[in-house]
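Taking it in order: structure first as structure tokens, then the write-up.
Atoms within a ligand are numbered from 1 in the order they appear, just like the ligands themselves. This chain uses plain numbering: 1 for the first residue, then up along the sequence.
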Amino acid sequence: MAIKENILRIRERIRASCVKSGRLPESVTLVAVTKNRGVEQIKEAIAYGIVDIGENRIQEAIDKYSSSQLATGDLQLRWHMVGHLQTNKVKDAVKIFDLIHSVDSLRLAQEIDKQAARINKVQDILIEVKTSPEETKSGVKPEEAEVFLKDISGLNNIKVRGLMTIAPLADNPENSRPYFRALRELRDKINQLRATSYELRTISMGMTDDFEVAIEEGADMVRLGRAIFD
Ligand SMILES: *Cc1c(COP(=O)(O)O)cnc(C)c1O
């Protein structure tokens, strides 16, 4: 399937999910997850309106970020780190990413703060929350999120924009709904309690198999790979 048709169809599906749940289609950002995809494919996606690029490995992201075809200033791309980030890669990550979706430990937050300070940047981040009980998933436990936010609130070179989660693999997208709902409720609760100085806005959730359910539950960033490129 051609990337162009895929993107047009996805935009239509995003619009329909927004209508169904009484939301504005412009309130949902489509992040194209370009891991394992070549620059040619990425350029094609950009030609059809993609500006948000998601990667999950630092070296691959650096290669693409600095490739002559994507590094032209007039493209105005926004780069998203959606995968697990190791502390020894943070120095490179803060140089290229506009938003890091996967902050899940104090050590990582401190390192991002330190490396961002070195380049005079305030790094936007999301806190990854483990909304499902699966042992293998990374992320802060929901009941620990508030304390975690307090712990990092003194770090001046990071700014928490919101929360991110990954639902467990499932055959039926409806199975993801409770996890997505849990993330939105957690966001609302933290904001209501004014538990931190941050106003949490962004909710990053939903992938190829479950993005419509995610939008119905309040996602404002969906991260799609296969739906765009396969
Ligand atoms: C790969 C990946 C995606 C995109 O997954 P698809 O199922 O291809 O849409 C989204 N989020 C993260 C964190 C990923 O690693």
Side-chain angles (χ1 to χ4, degrees), residues 1-14 17 28-38 41-42 44-46 48-65 77-86 89-90 93 96-105 108 112 124-132 134 136-140 161-177 179-180 182-184 202-230:
M1 182 60 72
I3 291 170
K4 175 187 175 182
E5 277 78 49
N6 284 347
I7 291 176
L8 293 177
R9 191 162 307 148
I10 291 162
R11 293 233 183 263
E12 181 48 38
R13 288 168 66 187
I14 290 175
S17 300
V28 177
T29 299
L30 170 56
V31 177
V33 179
T34 52
K35 63 182 184 220
N36 306 322
R37 314 288 174 176
Q41 285 174 289
I42 299 172
E44 196 175 339
I46 291 167
Y48 296 104
I50 294 292
V51 287
D52 290 273
I53 304 288
E55 284 284 336
N56 72 339
R57 284 178 34 236
I58 293 294
Q59 193 52 52
E60 190 178 339
I62 292 172
D63 291 346
K64 290 172 184 168
Y65 181 86
L77 301 177
R78 291 190 292 257
W79 292 80
H80 299 253
M81 176 58 182
V82 300
H84 183 68
L85 181 57
Q86 291 170 288
K89 303 282 170 64
V90 167
I96 65 176
F97 289 111
D98 296 291
L99 183 64
I100 298 174
H101 291 229
S102 49
V103 178
D104 65 349
S105 76
L108 179 58
I112 293 171
D124 284 338
I125 65 167
L126 304 179
I127 306 302
E128 181 171 352
V129 179
K130 188 166 116 68
T131 47
S132 69
E134 265 181 45
T136 52
K137 284 251 153 33
S138 49
V140 177
R161 295 290 184 182
L163 306 177
M164 179 271 232
T165 201
I166 302 174
L169 283 178
D171 300 333
N172 181 346
E174 282 300 325
N175 293 351
S176 302
R177 192 180 291 277
Y179 307 113
F180 293 155
L183 192 70
R184 193 222 326 142
T202 301
I203 297 194
S204 166
M205 60 188 185
M207 309 183 358
T208 288
D209 293 327
D210 55 18
F211 72 92
E212 287 153 308
V213 171
I215 290 169
E216 287 169 29
E217 293 300 331
D220 40 31
M221 269 184 198
V222 292
R223 311 178 304 267
L224 305 188
R226 288 169 297 140
I228 295 175
F229 295 108
D230 281 354

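Under the 4.0 Å criterion applied to side-chain N and carboxylate O atoms, D104 and K130 are not assigned as salt-bridge partners. Contact check on D220 versus R184 returns no salt bridge, with no Lys/Arg side-chain nitrogen under 4.0 Å from an Asp/Glu carboxylate oxygen.
Not counting sequence neighbours, the partners of K4 by the side-chain contact (heavy atoms from CB on, under 4.5 Å) test are L8, Y48. S176 pairs by the side-chain contact (heavy atoms from CB on, under 4.5 Å) definition with A167, F180, D210, not counting sequence neighbours. Residues meeting the side-chain hydrogen bond (donor to acceptor under 3.5 Å, both in side chains) test with R177, sequence neighbours left out: E174, E216, E217.
In plain terms, the two heavy atoms of H80 and D52 that are nearest each other are NE2-OD1, 2.6 Å.
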May I have the N/O to N/O pairs between ligand 1 and the protein that fall below 3.5 Å, each with atom names and distance to one decimal?
from	atom 1	to	atom 2	distance (Å)
ligand 1	7 (O)	R226	NE	3.1
ligand 1	7 (O)	R226	NH2	2.7
ligand 1	8 (O)	R226	N	2.9
ligand 1	8 (O)	R226	NE	3.3
ligand 1	9 (O)	T208	N	3.0
ligand 1	9 (O)	T208	OG1	2.5
ligand 1	9 (O)	G225	N	2.8
ligand 1	11 (N)	R223	NE	2.9
ligand 1	15 (O)	K35	NZ	2.8

